[in-house]
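Presented below is the structure to which this report refers.
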Amino acid sequence: MENQEVRVRFAPSPTGGLHLGGVRTALYNYLFARKNKGKMILRIEDTDRTRFVEGAEAYIKESLEWCGIELDESPWDGGDFAPYRQSERKPMYMEYAQRLVDQGKAYYAFDTAEELEAMRERLKAARVVAPQYNVITRMTMKNSLTLPQDEVKKRLESGEPYVIRIKVPRKEQIRFNDLVRGWVTVQSASIDDKVLMKSDGMPTYHLANVVDDYLMKISHVIRGEEWLPSAPLHVLLYQYFGWNTPDFAHLPLILKPNGNGKLSKRDGDKLGFSVFPLQWVDPSNPDKSSTGYREQGYLSEAFVNFLAFLGWNPGKGSQKEIFTKAELIEEFSIERIGKSGAKFDIEKVKWYNQQYLRNLPNAELAEFLKADLQKHQIEESQDRIEQVCELMKERITFGNELWQESQYFFMTPTQYEEKVIKKKWNQQAVNVLTEFRLELEKLADFSGTNAKQTLYDVTQNQGIKMGKVMQAVRVAITGVGSGTDLTAIIEWLGKDEVIARIDTALETLKDRVKA
RNA sequence: GCACCAUUCGUCUAGGGGUUAGGACGCCGCCCUUUCACGGCGGUAACACGGGUUCAAAUCCCGUAUGGUGUACCA
């Protein structure tokens, strides 16, 4: 496949929300395309109408947009190989299936669901290892290989439902080189005669996938490992058609954090973290929605960075972990993708988000806060909001924690953290606070530093260590026992507000003074 | 059951014949800080097992075990 333009595709099924694994597959395809100056294509694989879910397609589109995964060709952007929905390509597939039938590489089968079930039961009873429709069993079934030609013709003409199955050779070795795993060899005998065309006239995944990848000139098939077992069938199909096979790269799966199995859509709510990039609402059950990373306050750059590193790393002894999208594109290579599944770790995503949040300009961070301020009808200047962001950015993991953690800047506390009051609200503290607010009033040149010096002088005066009463002062001013630098808080609030808050605390808590 | 794939700290991973087996997350400790954090420093902890090949194996080969995926007219 050298000297050919790199064209890769992400081919999801619109059967629900796109989950983490899918996003990562799309991401790797995208990084590979950009790295190699190729094209990124999105194809909707909606050949199973029974599983179609309303809204899933829009969700996929929005998710990719949020992640910054840009598409060169898609149902929405169009392209030279349109349409990009398999349901809209339906008429094309029969021609190819027919070609295989004509060449004796596929055949019609008329077996009903009951007959198939009976066959499997029979084989199971006979202790046949794998009850499959294959090179052996096909001769006992109702198909164009066993039925007389004129009867086949009659059945077809009468409109009797049928499928087209691939005729897998008896004893052949099928080999292909996987870019992640190396050479994979499979005996044809272990592959069954998979259905290519369903009785509703739609192709199965296998046929549609191979035909479309060929027609769309896909150079590299990068997809999840769950496809590895059927890859030999696809290779056989390419051979039957006489087409060059694209290069394959089967990605290791993203596993559940607690041990076994691949991460599934349902794990999110069960395990206490999200498996969806965006909130997903099931249209058939609107009460049940699964939250997404975006809604939880994750920055998409952090999410993408994390995902890229789940199963891939740039190697070369690199210890850098924070990569912009441009850097990921620059460094990406299929060779550096790991072979084994990676367990999902929510702590690491949080860490990534923290890192990205810190590097965010205050103006951007301020947007999170502004929404909440508006909700609470608090007016504050852009400048002062950004000051708060600067003070808070190193203490939070999520943007939407900002309000929660910085409320005391904007609102006079009405409640005081019980734990701190119990421990620290004693006569000593009250004495210090009382004198402190008096001294503060006299303070001509107010600033955080000067206020702190004043507090220090007061404690010295009363023969108390400043550290002893510090938390009481903090709780009086902010209502909570921990928060950002108190000096900075005092400076931001200003003299009058600080004095007012101390007065309020002294009054509110006058009956709580510990002996 | 059968087929295919995988296996380095709890987790993500680097390392691909000679390394004190490196980093990150988490956890723990210390330092900094007259407050809260950030931060800095340090600690904890891994080559699944058994055979080979070799002067030398985490690294190459073969088994075993464990785990994963697949085995639909789903994708």
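Below, chains carry the letters A, B, ... as their sequence lines are ordered, and counting in each starts from 1. What you see is a predicted model, and the numbers here were worked out from it, not measured in a lab.
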Looking across every strand, which nucleic acid part, if any, lies under 4.0 Å from [X] by heavy atom: base, sugar-phosphate, or nothing?
{"X": "S230(A)", "answer": "nothing"}
{"X": "R223(A)", "answer": "nothing"}
{"X": "S199(A)", "answer": "base"}
{"X": "D111(A)", "answer": "base"}
{"X": "Y205(A)", "answer": "base"}
{"X": "K465(A)", "answer": "nothing"}

### Query
Is there a donor and acceptor pair, one atom on the side chain of S190(A) and one on the base of rC2(B), closer than 3.5 Å?
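Looking at the base of rC2(B), it does not pair with any donor or acceptor on the side chain of S190(A) (distance under 3.5 Å).
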### Task
May I ask you to verify whether the side chain of K348(A) and the base of rA24(B) hold a donor-acceptor pair under 3.5 Å?
yes
So that I can tick it off, tell me whether [Y] and [X] are bridged by a salt bridge, with the cut-off set at under 4.0 angstrom between side-chain N and carboxylate O.
{"X": "E401(A)", "Y": "R395(A)", "result": "no"}
{"X": "E321(A)", "Y": "K348(A)", "result": "yes"}
{"X": "R501(A)", "Y": "E497(A)", "result": "yes"}

### Task
Output the single nucleotide from rU7(B), rC4(B), rG15(B) whose closest atom is nearest the side chain of L228(A).
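Nucleotide nearest to L228(A)'s side chain: rC4(B).
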Using the [atom1] atom as the reference point in each nucleotide, state the distance between [N] and [M] in Å, no decimals.
{"N": "rG26(B)", "M": "rC62(B)", "atom1": "P", "answer": "40 Å"}
{"N": "rA3(B)", "M": "rU8(B)", "atom1": "C1'", "answer": "28 Å"}
{"N": "rG10(B)", "M": "rU44(B)", "atom1": "C1'", "answer": "11 Å"}
{"N": "rG43(B)", "M": "rA48(B)", "atom1": "C1'", "answer": "26 Å"}

### Task
Step by step, work out the ring pair (Phe, Tyr, Trp, His ring centres under 6.0 Å) result for F409(A) and W403(A).
CA-CA 10 Å; F409(A) 279 96; W403(A) 167 248; over 10 Å; no
### Task
Answer yes or no: does a side-chain N or O of K198(A) lie under 4.0 Å from OP1 or OP2 of rC74(B)?
yes
Base paired to [N] (Watson-Crick or G-U; both N/O distances under 3.5 angstrom):
{"N": "rA75(B)", "value": "none"}
{"N": "rA57(B)", "value": "none"}
{"N": "rG10(B)", "value": "rC25(B)"}
{"N": "rC30(B)", "value": "rG40(B)"}
{"N": "rA46(B)", "value": "none"}

Atom-to-atom span, [atom1] of [X] to [atom2] of [N] - whole angstrom:
{"X": "L123(A)", "N": "rC2(B)", "atom1": "CG", "atom2": "C1'", "value": "13 Å"}
{"X": "F436(A)", "N": "rU34(B)", "atom1": "CZ", "atom2": "P", "value": "16 Å"}
{"X": "E347(A)", "N": "rC25(B)", "atom1": "CD", "atom2": "P", "value": "12 Å"}

### Query
Strictly under 6.0 Å, is that where the ring centroids of Y162(A) and Y108(A) end up?
yes
### Query
What does nucleotides 35-43 of chain B look like as a protein-contact string, B for base, S for sugar-phosphate only, - for none, at under 4.0 angstrom between heavy atoms?
BBSSS----
